[in-house]
Amino acid sequence: MAAVSVHQFAQCITCHAWSPDHSMIAFCPNNSEVHIYKLLEGKWEKIHVLQKHDQIVSGIDWSSRSNRIVTVSHDRNSYVWSQEATEWIPTLVILRLNRAALCVNWSPKENKFAVGSGAKIVCICYYEQENNWWVSKLIRKRHDSSVTSVAWHPNNILLATTSTDGKCRVFSTFIKGVDTKPSSGGSSDLKFGEQIMQLDLSCSWTFGIKWSPSGKTLAYTGHNSMIYFVDDIGPSPSAQSVAFRDLPLRDVLFVSERMVIGVGFDCNPMLFTADDTGLWSFLRFLDERKQSSGAKYGSQLSGAFGKYYSQSKYGSNDVNETSRTSGVAHENCITSIVPFKKAGDTTFTSFSTAGLDGKVVTWDLQKLQDLLEYL
């Protein structure tokens with residue numbers, strides 16, 4: 001079994017992040033707080049509660065080099081938390097939003113972070129040494145709906161986004177005085193906020209965008225139970241669409257150039273792999289399901305329908321338990337997936353998932369012999 005450990009931290013977890021040495025975890029228990037736990041003598045102990053936001057914290061990212069935490073919330077604000085002695089000191093970042101902030105991600109060099117919002121705006125925030133504050137530059141009038149996820153290219157300049165308008169976009173975030181211009185030019189020749197690519201592959205909401213370790217491939221998911229892979233980022237990209245018959249995904253993660261893990265409403269991580277020709281396909285579920293060998297997909301679908309019918313009729317969540325969550329680590333939708341890697345690492349085999357069941361599950365792919373060829 002790939003699951004190494006399962007910890008029940010809360011009733012519900014909306015997002016989570018790990019400290020650089022993976023000895024501490026920060027997560028939001030579906031409220032306005034961020035709880036930090038530390039592993040002490042083999043037991044997780046709560047050591048800090050970060051309280052500054054007024055509404056649900058929707059995004060957390062913990063920088064691996066500078067050891068700073070950035071949080072965003074539905075209250076339209078962001079805070080950068082710096083540890084001084086034993087306390088975490090917050091610095092307010094004015095995002096200039098009129099809708100909720102939905103996601104956040106540090107850039108690879110950790111000199112910027114990006115925030116997606118329900119205001120159809122992406123905020124690129126950077127620290128201004130002269131005035132000793134965080135400045136927010138906005139990418140406006142590009143999205144037609146809420147920005148659900150953001151992902152940085154390894155070059156620290158390109159930013160990919162997904163939105164509930166069903167589109168995937170790539171922008172330049174080059175900021176003079178913050179980013180260094182490489183000798184080869186390329187993406188740094190573009191102006192801030194300039195759109196490099198727009199893909200309209202999905203007929204539904206899109207989520208969970210990520211770059212491959214080399215930055216050559218882009219992956220994101222649709223709410224129509226499809227995952228999309230994009231190569232040759234630019235004016236003429238090449239794209240692949242992989243449909244699967246299970247519930248939609250909410251987030252994805254590149255383990256290597258040939259393997260992607262998707263997590264979402266099926267409560268069980270899904271493995272997608274590429275063959276030698278670059279053709280992507282669904283491989284299998286990561287967690288083992290405890291069901292009879294003769295169980296077919298039709299029976300799973302009928303069981304799920306029976307469960308929802310019973311819930312609407314009897315108001316119960318325990319009637320007609322389906323095989324969807326039987327025997328798997330998570331019992332509800334997986335909301336986030338975070339890699340276990342140190343600063344500068346491009347490869348990893350361990351990661352963690354958190355979900356609406358309040359659990360954080362750590363996984364190790366090295367234990368699975370059939371996956372070693374893709375790592």
Side-chain angles (χ1 to χ4, degrees), residues 9-17 25-36 48-63 68-81 88-106 112-125 133-151 159 161-166 204-209 220-221 223 248-251 263-265 332-338 353-358 360:
F9 284 105
Q11 290 185 342
C12 179
I13 293 178
T14 54
C15 49
H16 78 293
I25 182 173
F27 63 87
C28 169
N30 200 35
N31 57 22
S32 60
E33 300 176 344
V34 174
H35 294 186
I36 299 180
H48 296 288
V49 177
L50 309 184
Q51 296 175 311
K52 272 294 182 179
H53 289 289
D54 298 327
Q55 298 182 31
I56 290 178
V57 175
S58 51
I60 304 173
D61 200 11
W62 200 325
S63 61
R68 292 178 298 189
I69 300 175
V70 59
T71 60
V72 296
S73 167
H74 289 181
D75 62 10
R76 303 169 294 170
N77 289 325
S78 173
Y79 286 93
V80 175
W81 304 78
W88 287 92
I89 307 302
T91 301
L92 176 64
V93 183
I94 304 297
L95 299 178
R96 296 182 287 158
L97 297 175
N98 59 5
R99 295 292 187 274
L102 302 178
C103 54
V104 65
N105 195 3
W106 282 108
K112 301 182 290 186
F113 63 87
V115 179
S117 72
K120 312 175 187 178
I121 292 173
V122 177
C123 306
I124 308 299
C125 306
W133 60 27
W134 287 87
V135 179
S136 173
K137 292 193 71 174
L138 307 183
I139 300 178
R140 299 177 181 268
K141 299 179 181 179
R142 297 292 187 176
H143 299 86
D144 298 323
S145 191
S146 299
V147 180
T148 56
S149 63
V150 293
L159 181 77
T161 67
T162 55
S163 171
T164 49
D165 61 11
S204 62
W205 302 339
T206 52
F207 299 97
I209 195 165
Y220 67 99
T221 75
H223 206 58
L249 300 174
R250 283 299 308 267
D251 203 359
V263 297
F265 292 95
N332 208 329
C333 173
I334 302 175
T335 56
S336 58
I337 178 170
V338 178
T353 57
L356 299 182
D357 55 2
V360 174

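This one's a predicted model, so the numbers in the text were calculated from it and none came from an experiment.
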Problem - Expected output: side-chain Asp75 to main-chain Asp54 donor-acceptor under 3.5 Å - result: yes

Exercise for the section: Would you confirm whether Ser136, through its side chain, and Cys125, through its main-chain N or O, come within 3.5 Å as a donor-acceptor pair? Expected result: no

Problem - Side chain Ser78, main chain Thr71, donor-acceptor under 3.5 Å - result: yes

Practice task
State whether the side chain of Ser73 and the backbone N or O of Ile56 hold a donor-acceptor pair below 3.5 Å, judged by distance alone.
Solution key: yes

Practice task
Could you tell me whether the side chain of Val34 reaches within less than 4.5 Å of the side chain of Ile60, counting heavy atoms only?
Solution key: yes

Practice task
Measure centre to centre between the rings of Phe9 and Phe27, then say whether the value is under 6.0 Å.
Solution key: yes

Exercise for the section: Kindly say whether Asp144 contributes a backbone atom to a donor-acceptor pair with the side chain of Asp165 at under 3.5 angstrom? Expected result: yes

Fill in the blank from the handout: The single option from Leu97, Val147, Leu95 that satisfies side chain to side chain contact (heavy atoms under 4.5 Å, CB included) with Ile121 is Leu97

Practice task
Give a yes or no answer on whether the side chain of Thr148 reaches the backbone of Gly208 with a donor-acceptor pair at less than 3.5 Å.
Solution key: no

Completion exercise
Contacts of Thr91 meeting side chain to side chain donor-acceptor pair (under 3.5 Å) (sequence neighbours excluded), chain-then-number -> none

Practice task
For the pair Trp81 and Tyr79, name the ring-plane relationship: parallel under 30°, tilted 30 to 60°, perpendicular over 60°.
Solution key: tilted

Problem - Crowding at NZ, Lys137 (>12 non-hydrogen neighbours, <6.0 Å) - result: yes

Practice task
Would you tell me whether Thr162 and Ser149 have side-chain atoms, one donor and one acceptor, within less than 3.5 Å of each other?
Solution key: yes

Handout entry: Residue list, ring pair (Phe, Tyr, Trp, His ring centres under 6.0 Å) with Phe113, at least two apart or on another chain
Key = Trp106, Trp134

Problem - Any donor-acceptor N/O pair, Ser58 side chain to Cys103 backbone, under 3.5 Å - result: no

Problem - Partner residues of Glu33 under the side chain to side chain contact (heavy atoms under 4.5 Å, CB included) criterion, sequence neighbours left out - result: Asn31, His35, Val49, Gln51

Exercise for the section: Return yes if a side-chain donor-acceptor contact under 3.5 Å exists between His16 and Ser336, otherwise no. Expected result: yes

